[in-house]
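Beneath this line is the structure, given in structure tokens, with notes to follow.
Reckoned from all heavy atoms, side chains included, excluding hydrogens, waters and symmetry mates. The chains referred to below are lettered A, B, ... by the order of the sequence lines, with proteins before strands, and numbering in each begins at 1.
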Amino acid sequence: MNPLNKKDLIQLLEEIALYLELKGENPFRISAYRKAAQALELDERSLSEIEDFSQIKGIGKGTQELINEFIESGQSSLLSELKAEVPSGLIPLLRLPGLGGKKLARLYQELNITDQASLLKACEAGEVSSLKGFGKKTEANILQAIKESGTRPERLPIDYMLSLARKIENYLETIKEIEKFSIAGSIRRMRETIKDLDFIIATDQPESVKASLLNMEAIKQVISQGDTKVSVTLADQYDVAVDFRLVTADQFATTLHHFTGSKDHNVAMRQRAKEQGEKISEYGVADLSTGKVTTFESEADFFKHFGLNYIPPELREAKGELEAFTEEVSLVSEDQIRGDLHMHTTWSDGAHSVEEMIKFCLDKGYQYMAITDHSKFLRVANGLNEDRLRKQREEIERLRALYPDITILAGVEMDVLPNGELDFDDQFLQELDFVIGAIHSSFNQSEAEIMKRLKAAMDNPYVKMIAHPSGRLIGTREGYAVNLDELIDYAKKTHTMLELNANPKRFDLSAEWVNKAQEKGVPIAINTDAHNKKTLNYMTEGIKVARRGWLKPETVVNTWSIDELQNFFNKKEN
DNA sequence: GCCGTTTTCGGCCCGACTGTTTTCAGTCG
């Protein structure tokens with residue numbers, strides 16, 4: 001058996017919290033275990049490096065003893081006791097909407113419900129509605145929830161949710177009583193997977209906005225419709241819950257902050273408010289002694305009130321942002337971006353000509369760009385061989401004369417073959433301005449084989465960047481067996497840049513890993529990998545992911561001048 | 001269960017909505 005790691009311990013604490021919830025325990029005791037789990041997660045050290053767990057804030061004497069027991073014996077007597085008391089089949093039922101620990105405890109104690117099957121049976125027999133505190137409606141809701149459980153994953157990929165959100169935003173634009181609106185929630189923080197959508201709406205005519213919202217197409221079910229909250233389920237490719245919060249314009253900033261979260265960030269903010277004798281709610285900041293409520297023009301003003309610089313949504317995860325943003329924090333922003341180093345044209349599988357892509361990049365105000373079509377190995381994408389790449393280069397040279405305001409690099413996204421060879425030899429590669437190495441085949445190879453390929457690419461003096469290093473597609477494909485720690489170290493050693501692919505299907509490297517790359521001093525290129533005009537705009541999303549990884553402008557090569565970029569390239573070749 | 005230069009006991013983030021109720025518990029974000 002593998003030695004215990006921190007993840008095991010965190011999982012143990014979370015599991016204990018779940019069981020306690022089912023027992024209807026004191027909610028503060030439950031949250032104490034969750035806080036302890038979170039404290040461990042935030043601590044940078046590995047399990048063996050921590051000497052005294054009770055030194056960590058959120059972990060006291062009791063949890064420390066539990067941890068010691070777990071490390072020594074691999075077991076927890078508390079969890080064993082809980083498991084003896086509470087059937088484990090109840091745990092997954094906590095996911096059903098409307099069912100929390102207390103109600104489930106009642107179902108278990110009074111109807112002996114122990115899992116989904118027995119719950120279904122009891123609902124169908126009408127036993128649930130006869131229970132005190134339960135009614136016909138609750139029973140029907142549980143039945144429906146069981147039927148629908150498993151029809152969609154709990155969280156959906158951000159790419160899918162971004163496009164659904166855009167459709168909803170288009171509808172909101174048409175409601176004239178809306179003064180302003182914004183998306184909130186985890187999608188605004190750019191998490192990779194999203195559970196539901198939240199929109200904050202400022203209006204002084206909530207009644208009529210509410211009516212318009214309920215008129216929206218594709219509403220499958222109205223969950224709630226109060227004075228300030230409208231909740232619906234939309235029938236799209238998946239069923240998606242959407243919440244709308246209706247507030248006045250002066251409440252907008254605090255409501256937006258509140259529903260952007262994260263929950264942990266909000267808790268931290270509220271603790272800070274309390275320390276200065278105030279209370280934060282979605283409607284403003286109240287002075288505890290006078291009761292006077294202050295509202296804000298913007299989230300920036302709200303943060304300023306607490307002595308903080310504006311914290312971008314992507315960083316609101318209670319990972320030290322409250323401490324960091326008392327000072328000026330340097331983070332990459334879109335206006336610093338001077339170019340895009342990965343895009344395709346009709347020469348391979350793109351939608352536009354080289355010239356069209358140049359015009360689009362000029363429109364975006366870029367100073368440089370790289371044309372990087374696929375290489376010959378990738379036949380399905382009409383990859384280019386040496387001859388076609390030379391012809392494409394001739395065309396690029398012709399266009400350079402026509403568009404002197406932008407530097408156009410003639411490049412390639414070259415396949416790294418399954419056997420570890422590169423798709424072109426060095427003699428040809430040196431003709432190109434910019435070579436990307438990428439894996440598009442044999443994803444099921446072992447880690448050793450994958451790393452051999454990636455290292456072979458990075459060892460080559462002409463390969464300046466590894467594209468979408470993990471090969472994952474969020475929610476649909478795991479990616480190949482890359483050892484990212486090793487990849488980052490090797491990139492550092494070989495002066496190779498790594499990509500943050502800005503396509504929301506990929507976000508590869510992820511925020512977590514670009515952060516590690518930055519720590520190790522590996523430069524990151526944020527690229528759209530655009531195959532058409534629209535996807536050149538993924539830069540916006542890519543920048544947000546970069547900020548989620550706390551990337552500074554100097555880490556991001558697209559903020560460099562073309563000369564700085566060339567210097568870096570030269571360093572590798574010499 | 002955790003925490004404390006105001007506290008070793010009494011707090012712990014705050015508010016909306018539903019469904020079940022006759023004044024509110026439970027759930028959710």
The test is side-chain hydrogen bond (donor to acceptor under 3.5 Å, both in side chains); show your working for A/S118 and A/D115 and say whether it passes. CA-CA 6 Å; A/S118 50; A/D115 53 22; 2.8 Å; yes
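- A/R191 and A/S186 share no side-chain donor-acceptor pair at under 3.5 Å.
- B/dC12 and B/dC17 have their C1' atoms separated by 24 Å, given to the nearest Å.
- Residues A/N68 and A/Q64 form a side-chain contact, since some pair of their non-hydrogen atoms from C-beta on lies under 4.5 Å apart.
- In this structure, A/I56 atom CD1 and B/dC3 atom P are separated by 11 Å, rounded to whole Å.
- Atom CD of A/Q55 is separated from atom C1' of B/dC2 by 14 Å (rounded to the nearest Å).
- Taking atom P in both B/dG26 and B/dT21, the straight-line distance is 13 Å, to the nearest Å.
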Begin from the C-alpha positions of A/N501 and A/D529 and carry the test side-chain hydrogen bond (donor to acceptor under 3.5 Å, both in side chains) through to its verdict. CA-CA 7 Å; A/N501 192 294; A/D529 195 358; 3.1 Å; yes
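- Heavy atoms from other residues, nucleotides or ligands lying under 6.0 Å from CD of A/E297 number 12 at most.
- A sub-4.0 Å separation between OP1 or OP2 of B/dA16 and a side-chain N or O of A/Y283 is present.
- In this structure, the side chains of A/K229 and A/R245 come closer than 4.5 Å at one or more pairs of heavy atoms.
- Nucleotide B/dC14 holds its C1' atom 10 Å from the CG atom of A/N266, rounded to whole Å.
- When each of A/L256, A/I200, A/T203 is tested with A/V247 by the rule side-chain contact (heavy atoms from CB on, under 4.5 Å), just one qualifies, namely A/I200.
- Of the listed nucleotides (B/dC3, B/dC12, B/dC14), B/dC14 has the atom at the smallest distance from the side chain of A/S281.
- Comparing A/F259 and A/I280 by the nucleotide of DNA chain B that holds the closest heavy atom to each, the one mapping nearer the 5' end is A/I280.
- Rounded to whole Å, atom C1' of B/dC12 lies 5 Å from atom CZ of A/F28.
- Pairing for B/dT8 is absent, judged as Watson-Crick or G-U wobble with the two contacts each under 3.5 Å.
- As rounded to whole Å, 15 Å separates atom C1' of B/dG29 from atom CG of A/L256.
- Taking atom P on both nucleotides, B/dC28 is separated from B/dT20 by 15 Å, rounded to a whole Å.
- Considering only heavy atoms from C-beta on, A/I194 stays 4.5 Å or farther from A/Y160 through its side chain.
- Of the C1' atoms belonging to B/dT5 and B/dG1, the separation is 24 Å, rounded to the nearest Å.
- Contact annotation: A/K279 side-chain N/O to B/dG15 OP1/OP2 distance is under 4.0 Å.
- A distance of about 31 Å separates the C1' atoms of B/dG15 and B/dT8, rounded to the whole Å.
- Distance noted for atom C1' between B/dC9 and B/dC14: 24 Å (whole Å).
- Considering only the side chain of A/N26, B/dC12 comes nearest among B/dG15, B/dC2, B/dC12.
- Annotation: A/K6, atom NZ; neighbour count of heavy atoms from other residues, nucleotides and ligands within 6.0 Å is above 12.
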Where protein sits on nucleotides 19-28 of chain B, one letter per nucleotide: B base, S sugar-phosphate only, - none, heavy atoms under 4.0 Å: SSS----SSS
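- Note on A/T228: a side-chain N or O is less than 4.0 Å away from OP1 or OP2 of B/dC17.
- In this structure, B/dT7 shows a glycosidic angle within 90 degrees of zero, which is the syn conformation.
- Looking only at side-chain heavy atoms (C-beta outward), A/L99 and A/I142 come within less than 4.5 Å of each other.
- Residues A/I158 and A/I187 form a side-chain contact, since some pair of their non-hydrogen atoms from C-beta on lies under 4.5 Å apart.
- Dense packing is recorded around OH of A/Y310, with more than 12 heavy atoms of other residues, nucleotides or ligands lying under 6.0 Å away.
- Heavy-atom contacts from other residues, nucleotides or ligands closer than 6.0 Å to NZ of A/K505 number 12 or fewer.
- Closest-nucleotide positions on DNA chain B for A/S31 and A/E282 were compared, and the one nearer the 5' end corresponds to A/S31.
- For the atom pair NE2 of A/H257 and CZ of A/R188, the computed distance is 9.0 Å after rounding to the nearest 0.5 Å.
- In this structure, the CE atom of A/M269 is 14 Å from the P atom of B/dC14, given to the nearest Å.
- Atom pair A/R245:CZ and B/dA16:P shows a separation of 10 Å (rounding to whole Å applied).
- Rounded to whole Å, atom P of B/dG1 lies 16 Å from atom CD of A/E21.
- Nearest nucleotide to the side chain of A/S224, out of B/dT18, B/dG1, B/dG29: B/dT18.
- Side-chain atoms of A/K274 lie closest to B/dC12 of the nucleotides B/dA16, B/dC12, B/dG1.
- A/K263 comes within 4.0 angstrom of a base, heavy atoms only.
- Taking the C1' atoms as reference points, B/dG11 lies 14 Å from B/dT6, given to the whole Å.
- The stretch residues 112-127 of chain A has no heavy atom under 4.0 Å from DNA chain B, so no residue of it qualifies as close.
- Less than 4.0 Å separates DNA chain B from no heavy atom of any residue of residues 287-294 of chain A.
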